[in-house]
Amino acid sequence: MEVLAYLLALVWSILCLILFFKIWGMTNNVEQLTREVHELKMTIVQERQERPQTQSQKIVLEKEEQEKEQTKKDVITHNFKMGDYVTHKKYGGKMKVVGVRGNRINCDRGWFSGITTYDASELDAFKE
């Protein structure tokens, strides 16, 4: 009976060593893969810089820049600050303000719903 236990222990030890070296080999493969992905990203970035933009891409970029400028120009039209409680005009429900960026208000809708961003025009101050 002891011979069987020693034999099983020997087989188990050999299998553990094999598993160890296989995992070690996989970590080397991950390092190689990350290097290859990084090189691929670099070539893609270089190709984008070298390739001239098409007319449609220029139009999209111009629209994005106009939208960025418009958001900078937006006048803050609310008095919400962090910690205030608000309600959605259309859907209702009490929410806590956890962030304010311009006219965009981040609200915590509760434990399961998470944080959602709303435009200030969609919200009212919560009245109890």
Requested in this report: Give a yes or no on whether the backbone of E122 and the side-chain of K90 come within a donor-acceptor separation of less than 3.5 Å.
Outcome: no
Report task. Taking all non-hydrogen atoms of both residues into account, name the closest pair between L123 and F80 and its distance. Result -> O-CZ, 3.8 Å
Query raised in the report: Is the backbone of F126 close enough, under 3.5 Å, to the side chain of T87 for a donor and an acceptor to pair up by distance?
Result: no
Report task. Would you check if K41 and V37 make a side-chain contact, meaning some heavy-atom pair closer than 4.5 Å? Result -> yes
Query raised in the report: Quick one: are R109 and I115 in side-chain contact, heavy atoms under 4.5 Å?
Result: no
Query raised in the report: Out of curiosity, Y85 OH to K96 NZ, how far, rounded to the nearest 0.5 Å?
Result: 4.5 Å
Query raised in the report: What residues form a side-chain contact (heavy atoms from CB on, under 4.5 Å) with T117, not counting sequence neighbours?
Result: R104, N106
Query raised in the report: Side chains of I14 and L17: closer than 4.5 Å at any heavy-atom pair?
Result: no
Query raised in the report: Hey, any chance L7 and L15 share a hydrophobic cluster, counting ILVMFWY side chains that come within less than 4.5 Å of each other, even indirectly?
Result: no
Query raised in the report: With a 4.5 Å heavy-atom cut-off, do Y118 and H88 have their side chains touching?
Result: yes
Query raised in the report: Hey, are the side chains of D124 and V86 touching, using non-hydrogen atoms and a 4.5 Å cut-off?
Result: no
**Report entry** hydrophobic_cluster_shared for M26 and L19, side chain cutoff 4.5 Å
**Finding:** yes
